[in-house]
Amino acid sequence: MPRNFLDLADWTSVDLQGLLQLAQQLKCEWRDGGNRPLLAGQTLGMIFQKASLRTRVSFEVGMKHLGGHAIMLGADEVGLGQRESVADVARVLSGMVQGIMARVYAHSDVVELAHWASVPVINGLSDDRHPCQALSDMLTINEHFGRTDGLRLCYLGDGNNIAASLALACAHFGLHFTVSSPEGYALDEEVLAGAEKINARIDIGLQSDPALAVAGADILYTDTWVSMGQEAETEERRQVFRPWQLNAALLGKAPSQAVVMHDLPAYRGKEITDDVADGDRSLIFPQAANRLHAQKAILVELMGKRCGA
Ligand code: CP
Ligand code: NVA
């Protein structure tokens, strides 16, 4: 059975910490002149049911840097589960590529792909999880603070895929996690219980008042109020989430060392203001760039060993 990267809950903390070290090594190696061709001759098939900039570019460029290449398979080409069943797509691709990365709506689709594929499957975002982003964010946090253990991350906004994977990443990497969301948009209790199960030593808390939530935080993290697939709820969500906007006033309530993170794309003037996104406490662009290095680590870990690399 190939190893997959679908949800951080499936991985041990030790293995994820190993992946982070590998990402750091690959980043240094690349800066020192280029990566070794650990994935020479290998192809990654990338299925996208939703739009992407960072995920698509980081995986495609990552494969290229490692000596392989990637094929983009857009929503209109594959028709995952519509033109062709998920099981058939998985089995066909397994005969032609050495890894599959999929960005889907239903999380069950990426799980089903992994069930039927005989090559590793990577979740490039589902409605419920975004593990590649959260692993990459741990790289950014570790680079900025020199550690992850004992830091305090406060997530502001929708209890969505980003919030869920961050909660699990915080547990694996020893960060205390506070989430602040409007009523009706809270992170699943099951996710919080899963995070507690991973690491009982960290504080995991819900704080409905954003001003109280940011007090004591080292990292303030936000995401869009309207995820892909929720466009019909845009106006309602913008009204409900307004008090959770990450702006100068809210940042002023956090400790002076606190940094700002956002997975992007950012809806400026909505969940985050320009002055905060572009301010000297923002990590958002180094954070985006680190997707490349974290994605390479996942690719090498899942695909590299298959050919004795
Ligand atoms: N953060 C992130 O996954 O960006 P894309 O949607 O552009 O891939
Ligand atoms: N929560 C957002 C993340 C985008 C990277 C979405 O699912 O659209």
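Numbering of ligands and ligand atoms starts at 1, following listing order. Computed from a predicted model, the values in this text were never measured in an experiment. Along the sequence shown, residues carry numbers from 1.
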Checklist entry - Is Asp263 salt-bridged to Arg54, going by a charged N under 4.0 Å from an acidic O? => result no
Checklist entry - Which heavy atom of the protein is the closest neighbour of atom 2 (C) of ligand 1, given with residue, atom name and distance? => result Arg291 NH1, 3.3 Å
Checklist outcome for this item: shortest atom 8 (O) of ligand 2-to-protein heavy-atom contact is with Met228 N, 2.8 Å
Checklist entry - Does ligand 1 have a heavy atom under 4.0 Å from the side chain of Leu264, from its backbone, from both, or from neither? => result backbone
Checklist entry - Closest non-hydrogen protein atom to atom 7 (O) of ligand 2, residue and atom name please, with distance? => result Asn161 ND2, 2.8 Å
Checklist entry - Do any heavy atoms of Leu264 fall under 4.0 Å from ligand 2? => result yes
Checklist outcome for this item: For Leu125, the ligand 2 atoms with a heavy-atom partner under 4.0 Å come out as 3 (C), 4 (C), 5 (C), 7 (O)
Checklist entry - Which part of Lys50 is near ligand 1, with near meaning a heavy atom under 4.0 Å away: side chain, backbone, both or neither? => result neither
Item to check | Protein contact of atom 7 (O) of ligand 1 - nearest heavy atom, named by residue and atom, plus distance | outcome: Leu53 N, 2.6 Å
Checklist entry - Of His130, Arg54, His262, which has the heavy atom at the shortest distance from atom 3 (O) of ligand 1? => result His130
Checklist entry - Is Asp223 close to ligand 2, meaning an N/O of one under 3.5 Å from an N/O of the other? => result yes
Checklist entry - How are the rings of Trp11 and Phe5 set to each other: parallel, tilted or perpendicular (split at 30° and 60°)? => result perpendicular
Checklist entry - In terms of residue, atom name and distance, what is the protein heavy atom nearest to atom 3 (C) of ligand 2? => result Asp263 OD2, 3.7 Å
